[in-house]
Visitor: 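Structure incoming, see below.
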Amino acid sequence: MKIGIVCYPTFGGSGVVATELGIGLAKIGHEVHFITYKQPSRLDFFSENLYYHEVDIKSYPLFEHAPYELALASKMVSVVKYEKLDLLHVHYAIPHASAAYMAKQILKTQGIQIPVVTTLHGTDITLVGKDPSYEPVVTFSINQSDGVTAVSEDLRKETYAFFDIQREIEVIPNFIDLNRFKRQKKEHFKLAICPNGEKLLVHTSNFRKVKRVEDVIRVFYEVRKEIPAKLLLVGDGPERDRMERLCRELGTCDDVRFLGKLDAVEEVLSVADLFLMPSEKESFGLAALEAMACEVPLLTSNAGGIPELNVDGVTGFVSNIGDIQYMKEKALYILDDANLPTFKKNALARAKEFDISIILPHYVAYYQKTIASALAEI
Ligand code: GMT
């Protein structure tokens, strides 16, 4: 198949999933055309089946905001037409699904039928999409897609609950490449951070309010009162300054390190003993899956689709959002030397269920089904 993939090319989970999916499809012989405003960060190598088309956003003094959606729709029209694509797969409803709808209508006037699959990733539904400024367009463009997928059962339910959706939504969970995400031998790194055998807690996120990084720091503060421990925080975002100040207030600066944005997050995960994801909202929790693949148990909230990934009492523990005391108790339980090896083993076993080799065929089958039913409608 010839597939066009539209996504946000930055560090967000949706962009990572879209890029890894495209790379995976190219590896099994499909031709994949990425259409974005910037080269996706993980697409930094040559492959005969991978193409990248940059959306050219022209500005003009009259525009206070350049009309990205129009430039994107125009680029989709030309890529579908000249590269003879079979399907467009857009990741994140806003504005990709509505731009795809526009491109589809333009192509129709030229006698070209292009099926569109929209994948919902979370914030496009649970946060931004519900906002009255976007809701009518989100509802319309989901209903107009030829196929719709969501990354968890919870996100599927949320979408039906908050939008008037007439389409069937298929759940295809996020996935992981276990060849890249695996525990590596990084003992020297562990020794540098934890010279006295301290337990190492890790959190990675984009430091938005919804990630509740404050809970990570407060849980760590409580844990460290009981056992020697260190905390590594990977990523950057709006909450970073406030979190640095909180560490100063609590006097934990010597045991907490802010590493900023890192590409090779698997190197940090390779030395971790516990991963924390206390999010307020999380449709799936790709960062937690990356941790599990590196044999790191989870301490998470019960938000959104996280409990579909983190098996309570097996791969870690699931807590009510914001319950610091409970999270502290469970963190100490997992970190106990008598329990830690079992949790690590279980985390890896669970991650294996989400290996790309298992999930990718679901997308391929879904594309084939969508193309077949779109052709039948002509
Ligand atoms: O979590 C974020 O802030 C980024 C966001 C995105 O849109 O890239 O991630 C969402 O999509 C990921 C990939 O499907 C999911 O693993 C995340 O759980 C989801 N984030 C939220 O729902 C908050």
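Counting convention: from 1, in listed order, for ligands and their atoms alike.
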Visitor: Just to confirm my output: which protein heavy-atom neighbour is closest to atom 9 (O) of ligand 1, and how far is it?
Guide: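 Of the protein heavy atoms, G13 N, 4.2 Å lies nearest.
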Visitor: Polar-atom distance check: V210 versus ligand 1, any N or O pair below 3.5 Å?
Guide: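 No, V210 has no N/O under 3.5 Å of an N/O on ligand 1.
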Visitor: Taking 4.0 Å as the limit for heavy-atom contacts, which would you say applies to N174 with ligand 1: side chain only, backbone only, both, or neither?
Guide: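 The side chain, only.
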Visitor: Examine H121 together with F284 and report whether their ring centres are nearer than 6.0 Å.
Guide: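 Between H121 and F284, the centre distance exceeds or equals 6.0 Å.
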Visitor: What is the closest protein heavy atom to atom 20 (N) of ligand 1, and at what distance does it sit?
Guide: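 I find the closest protein heavy atom is E282 OE2, 3.3 Å.
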Visitor: For K211, counting its heavy atoms only, list the atoms of ligand 1 lying under 4.0 Å from any of them.
Guide: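 Matching atoms, with element in brackets: 1 (O), 2 (C), 3 (O).
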Visitor: Is there at least one pair of N or O atoms, one from L286 and one from ligand 1, spaced under 3.5 Å apart?
Guide: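 Right, the criterion is met.
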Visitor: For residues D154 and S152, is any side-chain donor paired with an opposing acceptor at under 3.5 Å?
Guide: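 Side chains of D154 and S152: no pair found under 3.5 Å.
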Visitor: Side chains of Y367 and H30: does their closest heavy-atom pair fall under 4.5 Å?
Guide: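 Y367 vs H30: side chains apart.
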Visitor: What protein heavy atom lies closest to atom 10 (C) of ligand 1? Include the residue and the distance to one decimal.
Guide: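 Heavy-atom neighbour on the protein nearest atom 10 (C) of ligand 1: H121 O, 3.4 Å.
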Visitor: Below the 3.5 angstrom mark, is there an N/O of G122, backbone or side chain, next to an N/O of ligand 1?
Guide: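 For ligand 1, there is no N or O atom that lies under 3.5 Å from one belonging to G122.
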Visitor: Given side chains that start at C-beta, do those of L332 and V223 come closer than 4.5 Å, heavy atoms only?
Guide: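 The answer is yes, as the side chains (C-beta and beyond) meet within the 4.5 Å cut-off.
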Visitor: For G12, counting its heavy atoms only, list the atoms of ligand 1 lying under 4.0 Å from any of them.
Guide: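 Numbered from 1, ligand 1 contributes 8 (O).
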Visitor: Which of the numbered atoms in ligand 1 are below 4.0 angstrom from a heavy atom of Y92?
Guide: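 By the 4.0 Å cutoff, the relevant atoms are 7 (O).
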Visitor: If you count the atoms of ligand 1 from 1 in the order shown, which ones are under 4.0 Å from a heavy atom of S283?
Guide: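 Those qualifying, in numeric order: 15 (C), 17 (C), 18 (O), 19 (C), 21 (C), 22 (O).
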Visitor: Find the distance between CE (M327) and CD1 (I321) and round it off to the nearest 0.5 Å.
Guide: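 Going from the CE atom of M327 to the CD1 atom of I321 covers 9.0 Å.
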Visitor: Would Q325 and D323 count as having a side-chain donor-acceptor pair, cut-off 3.5 Å?
Guide: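 No - no donor-acceptor pair under 3.5 Å links their side chains.
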Visitor: Is the closest basic N to carboxylate O distance between K199 and D336 below 4.0 Å?
Guide: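 Not counted as a salt bridge, because no side-chain N and carboxylate O are separated by less than 4.0 Å.
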Visitor: Show which atoms of ligand 1 fall inside a sub-4.0 Å distance from at least one heavy-atom site of V151.
Guide: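 Close to V151: 14 (O).
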Visitor: Determine whether any heavy atom of N206 lies closer than 4.0 Å to an atom of ligand 1.
Guide: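 Judged by the 4.0 Å heavy-atom criterion, N206 does count as contacting ligand 1.
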Visitor: Should the heavy atoms of other residues, nucleotides or ligands under 6.0 Å from CZ of R167 be counted, would the total exceed 12?
Guide: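 More than 12 heavy atoms, drawn from other residues, nucleotides or ligands, come within 6.0 Å of this atom.
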Visitor: Which atoms of ligand 1 sit under 4.0 Å from any heavy atom of F284?
Guide: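 Reading through ligand 1 atom by atom, the close ones are 16 (O), 18 (O).
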Visitor: Tell me yes or no: between the side chains of T315 and N346, is some donor less than 3.5 Å from an acceptor?
Guide: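 Looking only at side-chain atoms, N346 and T315 do not form any donor-acceptor pair under 3.5 Å.
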Visitor: For ligand 1, is there an atom lying under 4.0 Å from some heavy atom of G304?
Guide: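 No; G304 lies far enough from ligand 1 that no heavy-atom distance drops under 4.0 Å.
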Visitor: Just wondering, do S279 and R212 contact through their side chains at under 4.5 Å, heavy atoms?
Guide: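 Contact flag for R212/S279 side chains = no.
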Visitor: Among protein heavy atoms, which lies nearest atom 8 (O) of ligand 1, and at what distance?
Guide: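 Answer for atom 8 (O) of ligand 1: S14 N, 2.8 Å.
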Visitor: Does the side chain of N49 pick up a donor-acceptor pair with the side chain of S47 at under 3.5 Å?
Guide: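 Note: N49 and S47 side chains miss the donor-acceptor criterion.
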Visitor: Against heavy atoms of R208, which atoms of ligand 1 measure under 4.0 Å?
Guide: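 Selected atoms, number and element: 1 (O), 2 (C), 3 (O), 4 (C).
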